[in-house]
Enquirer: 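Input: one structure, supplied below.
In what follows, residues are counted from 1 in the order of the sequence shown.
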Amino acid sequence: ATLPAGAPSGTVFSNAIPAGSITGNGGVSNTNAVAVNVTTVSAVSVAKAFSPTSVAQGQSSTLTVTLSNATATPVTGAALTDTLPTSPGPVVVAATPSVSTTCTGGSVTAVPGSGSVAISGATIPANGSCNFKVNVKGSTVGTHANTIPIGALTSNQGATNPSAASANLTVTTGITGSKSFTPSAVSTGGVSRVTIQINNTTPAPLTNVSVTDPATANLTIANPANAS
């Protein structure tokens, strides 16, 4: 049986044989109705992810877009453009895109500094998936939401993605700090040593770094301070 073209994903089609419809010699027939259901599924789907999901300003993250095919026939001529986020600041293709794809025939477009990546001419295997990868980066601190909208995927068969695909990339300053007291508990008037640690997750040194840690109420600098 062939289902109607364009039937929405999740549509249930029922086929029933009424009681008495099956007959044989001697007047025998089926006394009970027989029914079977078939549910439509999305022919193709799109997913995406960033790795790592959090990077320092100017560092690269690998964007992976996965194209999946739930049918027994390859989907050919698959094409898709992913527009990168512009808020809270632009995410762009990295200077070294390191483009790759597992999609047969797929041609990936990723121009360094551009705000979009694309694939065209791809074949999504039957009952399988393929992907393409591109390095991207952002310079504005914050969470950048990247969404591929419904219908972004096109193909020779007319199959497209019925659901959007989203992923977030978080951009940080690349500097973090932590502090601790040793010992963590002292008697009144006792002395504890505070240690402040600054971490740099960027590939370049940070210079002229300064830290101010205001003392809380009832805490004073010991004399001698033994600072180091």
Enquirer: Apply side chain to side chain contact (heavy atoms under 4.5 Å, CB included) to the pair Asn168 and Thr53, showing each step before the final yes or no.
Expert: CA-CA 7 Å; Asn168 292 337; Thr53 57; over 6 Å; no

Enquirer: Please round to the nearest 0.5 Å and tell me the distance separating atom OG of Ser100 and atom NZ of Lys133.
Expert: 6.0 Å

Enquirer: Please answer: with hydrophobic residues joined when any side-chain heavy atoms are less than 4.5 Å apart, are Val92 and Leu169 in the same cluster?
Expert: no

Enquirer: Quick one: does any side-chain atom of Gln57 pair with a main-chain N or O of Val171 as donor and acceptor, under 3.5 Å?
Expert: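 A pair under 3.5 Å: no.
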
Enquirer: With a 4.5 Å cut-off on side-chain heavy atoms, are Thr66 and Ser68 touching?
Expert: yes

Enquirer: If we only count heavy atoms from C-beta on, is the Val111 to Val93 side-chain gap below 4.5 Å?
Expert: no

Enquirer: If you take all heavy atoms of Ser60 and Ala94, which pair is closest and at what distance?
Expert: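 Nearest heavy atoms, Ser60 then Ala94: OG-CB, 3.5 Å.
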
Enquirer: Quick one: do Thr101 and Val99 satisfy side chain to side chain contact (heavy atoms under 4.5 Å, CB included)? Show the steps, please.
Expert: CA-CA 7 Å; Thr101 182; Val99 172; 6.0 Å; no

Enquirer: Evaluate whether atom CD1 of Ile221 has more than 12 neighbouring non-hydrogen atoms of other residues, nucleotides or ligands under 6.0 angstrom away.
Expert: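 Atom CD1 in Ile221 is not packed in, count stays at 12 or less.
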
Enquirer: Let me confirm one number: the OG1-CG distance from Thr76 to Asn156, rounded to the nearest 0.5 Å.
Expert: 3.5 Å

Enquirer: Between Asn161 and Val44 (side chain of the first, backbone of the second, donor and acceptor by atom type, cut-off under 3.5 Å), is there such a pair?
Expert: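 It does not hold such a pair.
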
Enquirer: Taking the side chain as every heavy atom from C-beta outward, state whether Phe50 and Val136 have any atom pair closer than 4.5 Å.
Expert: yes

Enquirer: For the OG1 atom of Thr160 and the CG atom of Leu153, what is their distance to the nearest 0.5 Å?
Expert: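 Thr160 atom OG1 to Leu153 atom CG measures 5.0 Å (nearest 0.5 Å).
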
Enquirer: So does Pro125 get a backbone contact from the side chain of Asn69, meaning a donor-acceptor N/O pair under 3.5 Å?
Expert: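 Judged by distance alone, yes, a pair lies under 3.5 Å.
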
Enquirer: Is there a side-chain contact between Ser87 and His144, using heavy atoms and a 4.5 Å cut-off?
Expert: no

Enquirer: To the nearest 0.5 Å, tell me how far Thr123 OG1 sits from Leu67 CG.
Expert: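 Between Thr123 OG1 and Leu67 CG, I get 11.0 Å after rounding to 0.5 Å.
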
Enquirer: Report the distance from atom CD1 of Ile124 to atom OG1 of Thr102, rounding to the nearest 0.5 Å.
Expert: 10.5 Å

Enquirer: With a 4.5 Å cut-off on side-chain heavy atoms, are Pro90 and Thr140 touching?
Expert: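 Side-chain contact under 4.5 Å: yes.
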
Enquirer: Any side-chain heavy atom of Val194 within less than 4.5 Å of one from Lys179?
Expert: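 Yes, close enough: below the 4.5 Å cut-off.
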
Enquirer: Does the side chain of Thr172 reach to within under 4.5 Å of the side chain of Ser54, using non-hydrogen atoms?
Expert: yes

Enquirer: Quick one: which of Ile148, Val46, Ile119, Thr147 gives a side chain to side chain contact (heavy atoms under 4.5 Å, CB included) with Asp82?
Expert: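 Only one option passes, and that is Ile148.
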
Enquirer: Heavy atoms, side chains only, cut-off 4.5 Å: are Val108 and Val134 in contact?
Expert: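 Yes - at least one pair of side-chain heavy atoms lies under 4.5 Å apart.
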
Enquirer: Distance check, rounded to the nearest 0.5 Å: Lys137 atom NZ versus Leu84 atom CG?
Expert: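 The NZ atom of Lys137 sits 13.0 Å away from the CG atom of Leu84.
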
Enquirer: On a heavy-atom basis, which atom in Ala47 and which in Ala165 lie closest, and how many Å separate them?
Expert: CA-CB, 3.9 Å

Enquirer: Just to verify, which of Thr62, Val117, Leu63 counts as forming a side chain to side chain contact (heavy atoms under 4.5 Å, CB included) with Asn135?
Expert: Thr62

Enquirer: Looking only at heavy atoms, what is the nearest atom pair of Gly174 and Ala56, with distance?
Expert: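 Result for this residue pair: CA-CB, 3.5 Å.
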
Enquirer: Which atoms form the tightest heavy-atom contact between Pro74 and Gln157, and what is the distance?
Expert: O-NE2, 3.9 Å

Enquirer: Would a distance-only check, ignoring hydrogens and angles, find a side-chain to backbone donor-acceptor pair under 3.5 Å from Ser114 to Ser116?
Expert: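 Answer holds: yes.
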
Enquirer: If you take all heavy atoms of Cys103 and Ala122, which pair is closest and at what distance?
Expert: CB-CB, 3.7 Å

